[in-house]
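The next block holds one structure in the form of structure tokens; read it before the comments.
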Number of protein chains: 2
Amino acid sequence: MTARPTPPRSRRERPAKPALTRESIVATAVAVLRAEGLEKVTMRRLAQELDTGPASLYVYVRNTAELHAAVLDELLGTVGPAPADGDWRDRLERVLGAYTAMLMEHPSLARSALTARPSGPHYLNLIETLLALLDEGGVPPAQAAWGVDLLLLFATATAAEHAGRGSSADRARQEEWDALAHAVHNASERTHPHIAALAGVLLSGTPSSRRSWGVRTLLNGIERTAPSDPTPS
Amino acid sequence: MTARPTPPRSRRERPAKPALTRESIVATAVAVLRAEGLEKVTMRRLAQELDTGPASLYVYVRNTAELHAAVLDELLGTVGPAPADGDWRDRLERVLGAYTAMLMEHPSLARSALTARPSGPHYLNLIETLLALLDEGGVPPAQAAWGVDLLLLFATATAAEHAGRGSSADRARQEEWDALAHAVHNASERTHPHIAALAGVLLSGTPSSRRSWGVRTLLNGIERTAPSDPTPS
DNA sequence: ACCTGAACACCGTTCAAGT
DNA sequence: ACCTGAACACCGTTCAAGT
């Protein structure tokens, strides 16, 4: 008889069946997200990972959308507080940049963030940080409040644009961009004079220069647009 | 023998099996979208509707995403040209409002528009219209070009926010809003002073007043933010 | 070339039944 | 109360085979 030091205790090598809790489910979901993307964060896959059946997860999580929202708030914890140096606009741009960068790593999460706005503690921290920076910049409170929404919508939507269905997403997006570029360059001067005249600049700019311009544009607008703005006669 | 004027020619009542073309597929897709929402616009369902197997559709459509993009451009045709009366800002707000309203009727389409930017003829028309209005307002060309992108991103994202999974989406969204409202109202004055101070205004405003403020804010920003804006020393 | 049946590899969610 | 096997009702996409 040969020595057989560690007999398998379960079917697989998994060290121990982890306790089934909301936390263990979310933690597993984050691990699967990091390793294989949100597409694989499914009830069935998570159940398999946790050595149980999909029905068991419904004791702790209402549905897939809620699960994805929980995952998002978890990742929001990795977006640090505002940096200490620089003027308030710079700092705001960097905070928003960190948020966007996190979402860019998981664009499908951005997509779901758009639909299921998070309300977890990490999300509140982000809002507080942005409000503090706008306050520091002297932006009137009402405009700051609505402005935070606009800034987060912009950042989230920018990241969501890069979401793809499956791994062939990059190729597909390239083809879409080519199609749009082709359409813009071939726009008739007669029917689409403005597009024809601006073809170059319409397609110009790096993603980061556009993002930076977007944030500055938003801030300039937020600073000087009052919520009701009744049309002066 | 009783008279039997119209014997069924096929299994179902369907008058005639329509020819399978890209157009008939897209037309069927639009019909299903209008009747039951984008969730039902699936390859399998369309195949059933067209009396064939799902595999047949792949001769005319690359994949589901491309199909949804084609549907979007089709609906874009219902967004009319710019109205003739009013000042350029008003008119721009109304054009963008019509675009948003169309997407609001099919928010899941907005979601997919965010990922798969359309490049069809109707989309080009919309861009041309917006560029013309910005030009009329004296907005510098480069800012107008990038601004159109920002305006469309805002409108699309606003509509996409209302996308839901299934018919229980409204209830789910209400619960999310309640959760956020609760979190905002219970924010600690010590850890989240700005949120606590601005709780009321953070949650205020009707969707339409916020949308209107958003467009005006964007326009104000676009008008006065130059693309490169090198930091002056 | 165009079309298709059948298969592959998945999904979310519910429910009756167990402990 | 918590957990689960099994089922229901779907998906997208591919491929070999037909016409």
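Throughout, a chain's letter reflects where its sequence line sits, starting with A, and its residues are numbered from 1.
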(message) So for atom CD, which belongs to E36(B), do other residues, nucleotides or ligands contribute more than 12 heavy atoms lying within a distance under 6.0 Å?
(response) yes
(request) Taking only Lys NZ, Arg NE, NH1 and NH2, and the carboxylate oxygens of Asp or Glu, determine whether E49(B) and K40(B) approach each other closer than 4.0 Å. (result) no
(request) Could you work out the separation of dC15(D) and dC2(C) based on their C1' atoms and round it to a whole Å? (result) 15 Å
(message) In whole Å, measure the gap between the C1' atoms of dA6(C) and dC11(D) for me.
(response) 16 Å
(message) If you compare all heavy atoms of H192(A) against all heavy atoms of L124(B), which two are closest, and at what distance to 0.1 Å?
(response) CD2-O, 3.9 Å
(request) State, to 0.1 Å, how close P118(A) and A113(A) come at their nearest heavy-atom pair, and which atoms those are. (result) CD-O, 4.2 Å
(request) Starting at the 5' end of DNA chain C, write a dot or bracket for each base, bracketing those in Watson-Crick or G-U wobble pairs whose two distances are under 3.5 Å and using | for partners on another strand. (result) ||.|||||...|||||.||
Test item: [X] and [Y] side chains (from C-beta on) under 4.5 Å apart, heavy atoms:
{"X": "L20(B)", "Y": "V59(B)", "answer": "no"}
{"X": "L218(A)", "Y": "L150(B)", "answer": "yes"}
{"X": "L153(A)", "Y": "R117(A)", "answer": "yes"}

(request) Nearest whole angstrom, please: distance from the C1' of dC2(C) to the CZ of R22(B). (result) 17 Å
(request) Starting from C1' on dC2(D), measure out to CG on L57(A) and report it in whole angstrom. (result) 13 Å
(request) Give the B/S/- string for nucleotides 6-19 of chain C, one per nucleotide from 5' to 3', where a protein heavy atom under 4.0 Å of the base yields B, of only the sugar-phosphate yields S, and otherwise -. (result) -B---BBBBB----
(request) Output, in order, the C-alpha distance, side-chain angles, deciding distance and verdict of side-chain contact (heavy atoms from CB on, under 4.5 Å) for R111(A) and S112(B). (result) CA-CA 9 Å; R111(A) 245 191 127 166; S112(B) 89; 4.2 Å; yes
